[in-house]
Asker: 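Below you will find the structure I want to go over with you.
For this chain, numbers begin at 1 and follow the sequence in order.
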Amino acid sequence: MTVAVVLFTSDLRLHDHPPLHAALQAADEVVPLFVRDTGIHAAGFDAPNRRAFLADCLSDLDSSLRHRGGRLVVRDGPVVREVRSVAAQCGSTEVHVAAGVTGYAHRREERLREGLRDDGVSLHVHEPVITAVAPGAVTPAGSDHVAVFTPYFRRWSRESPRKPLAAPRTVRVPRGVRGEPLPDRADVAGASPGLPAGGETAGRDRFARWSRSGLSRYEDRHDDLADDATSRLSPYLHFGALSPLELVHRARAHGGPGAEAFVRQVCWRDFHHQVLAARPEASVKDYRTRHDRWRGEEDAAEDIAAWRDGRTGYPVVDAAMRQLRHQGWMHNRARLLVAGFLTKTLYVDWRIGARHFLDLLVDGDVVNNQLNWQWAAGTGTDTRPHRVLNPLVQARRFDPDGVYVRRWVPELRSVEGGKVHEPWRLAAAERGELDYPDPLVELADGLARFKHARGRD
């Protein structure tokens, strides 16, 4: 009997899983392995919301494997040590894993290759499965990545991606391979109360339900804060519970402007992955420095605390920050808005905001989180780095009746219509009854400070 090990990382699914497919073709039996990496915890990325969602994903993956005659083996500890241990225990001569795109993932692959080589075990690194088109597949002459989204999207759209792979019918796992108990969401302290259920089954069900009505109107409604018409698939894509390649195929089969707009958003994920794959330092350093002298934790402590707590005095900003805390998720338009407010109105270092997002977002990952923050701060790939998203203009456009604000800021539920976006303009008597703070800063003053700092007075 030949045995292969499949190391699951950010690909917690059975549908469209090239490493699993290859392992099943190469060996009689397969060990599906997930290692709860102590390195992730040490790096500070093991946040409660993602731990809870991960527990759901692992439980669902184990259940799906058991329906096919197998099971998931979970280990705790350093990845290299645990993979080598499992390979030795089951007599495997090969390990399959999908390539990563972050610096951490690359270092993990190198350590795995070196450690397994010493044991006479080969490491097969397959194409990344966290993107629809692999990083590096779309590159201009003389460069290792495309720095602007629009030309990337044109090239990306001309690619002919492979067909998604079906889930295997049978997975035979050798007996006697030791594993740890599956983690349980109920054991995770500090998770947001409105966190969705994780796992491939939940993700596929969500896409099926949303695509029946939401996909066709996505182009017109995806920025509408009150309507909440986005797919909410980002957590499932982050953990690899859904295949972005499969989503692209299914959306294109559906057709129409809404599907095209949705595919464009999937492409944004791929764009960021290929940028960070080529420039891993952009996770902590400016992609394009503007020589900003950002305010930090010490000199902006009160402003940062008010922003984190949703007490800035700007209702649409506060609504978004409270949604983040309650659901571990935030509407994409709101993410841009609150990031722009922190960096360009309060002139606070984008890394402070990015860290707070990573502490709470269930879909928080280094790639999309850091590069979206850099886009908002004007240090990333945006071709208009000095643009400012005025929160009042954004609120009037994307929440004209104030439904989103009243949903998340209960202090303002008595304020009718669009007046909720500017409570400071209410009559004194009405204003006095509200337990809501005054604005941290005048928008004009914040903009003036930003322009001065960027030398654009």
Asker: Considering all heavy atoms of both residues, which atom of A134 and which atom of P128 are nearest to each other, and what is their separation?
Answerer: CB-CD, 4.0 Å

Asker: Answer yes when R13 and E200 have at least one side-chain N-carboxylate O distance shorter than 4.0 Å, and no when they do not.
Answerer: no

Asker: Under 6.0 Å from the NE2 atom of H67, do we count more than 12 heavy atoms belonging to anything else shown?
Answerer: no

Asker: Return the set of residues passing salt bridge (Lys or Arg N to Asp or Glu O under 4.0 Å) with R290 (not counting sequence neighbours), or none when no residue passes.
Answerer: none

Asker: Taking the six-membered ring for Trp, are W268 and H272 parallel (under 30°), tilted (30 to 60°) or perpendicular (over 60°)?
Answerer: tilted

Asker: Check the pair D227 / R217 against salt bridge (Lys or Arg N to Asp or Glu O under 4.0 Å), numbers first and verdict last.
Answerer: CA-CA 11 Å; D227 193 31; R217 63 192 187 108; 2.8 Å; yes

Asker: Hey, what's the ring geometry for H222 with Y218, parallel, tilted or perpendicular (30° and 60° as the breaks)?
Answerer: parallel

Asker: Over 60° means perpendicular and under 30° means parallel, so classify the ring planes of H96 and H126, tilted if in between.
Answerer: parallel

Asker: Working to the nearest 0.5 angstrom, can you tell me the gap between R351 CZ and Q374 CD?
Answerer: 7.0 Å

Asker: Got a second to check how far T343's OG1 is from R295's CZ, nearest 0.5 Å?
Answerer: 12.0 Å

Asker: Check whether the side chains of Q323 and Y404 place a donor and an acceptor atom closer than 3.5 Å, and report yes or no.
Answerer: yes

Asker: Would R425 and E422 pass as an ion pair if we require N to O under 4.0 Å?
Answerer: yes

Asker: Salt bridge (Lys or Arg N to Asp or Glu O under 4.0 Å) between R311 and E411: does it pass, once the steps are laid out?
Answerer: CA-CA 11 Å; R311 300 284 294 173; E411 308 96 293; 3.0 Å; yes

Asker: Which class fits the ring pair H17 and F8: parallel under 30°, tilted 30 to 60°, perpendicular over 60°?
Answerer: tilted

Asker: Check whether the side chains of S85 and R75 place a donor and an acceptor atom closer than 3.5 Å, and report yes or no.
Answerer: yes

Asker: Would you list the pairs meeting side-chain hydrogen bond (donor to acceptor under 3.5 Å, both in side chains) in which at least one residue belongs to residues 255-267, sequence neighbours left out?
Answerer: none

Asker: Mind checking the NE2-OG spacing from H254 to S216? Nearest 0.5 Å is all I need.
Answerer: 5.5 Å

Asker: Could you walk me through whether E442 and R449 satisfy the salt bridge (Lys or Arg N to Asp or Glu O under 4.0 Å) test, starting with their C-alpha distance in whole Å, then the side-chain angles of each, then the deciding distance to 0.1 Å, before giving a yes or no?
Answerer: CA-CA 11 Å; E442 293 289 336; R449 174 171 52 190; over 6 Å; no

Asker: Kindly assign one of parallel, tilted or perpendicular to the pair F357 and W373, based on the angle between their ring planes and the thresholds 30° and 60°.
Answerer: perpendicular

Asker: Only one of R50, R335, R232, R269 forms a salt bridge (charged side-chain N to carboxylate O under 4.0 Å, His left out) with D363, so which one is it?
Answerer: R335

Asker: Are D318 and Y436 close enough that a side-chain donor and a side-chain acceptor fall under 3.5 Å?
Answerer: yes

Asker: Quick one: pull up CG in D46 and CG in D37 and give me the separation to the nearest 0.5 Å.
Answerer: 9.5 Å

Asker: Determine whether the aromatic ring centres of residues Y314 and F341 are separated by less than 6.0 angstrom.
Answerer: yes

Asker: Please test D16 against R162 for salt bridge (Lys or Arg N to Asp or Glu O under 4.0 Å), starting from the C-alpha separation and ending with a verdict.
Answerer: CA-CA 10 Å; D16 194 39; R162 61 173 175 79; 2.5 Å; yes

Asker: Any side-chain donor paired with an acceptor under 3.5 Å for D270 and Y152?
Answerer: no

Asker: Counting neighbours of CZ on R431 that are heavy atoms of other residues, nucleotides or ligands and sit closer than 6.0 Å, is the number greater than 12?
Answerer: yes

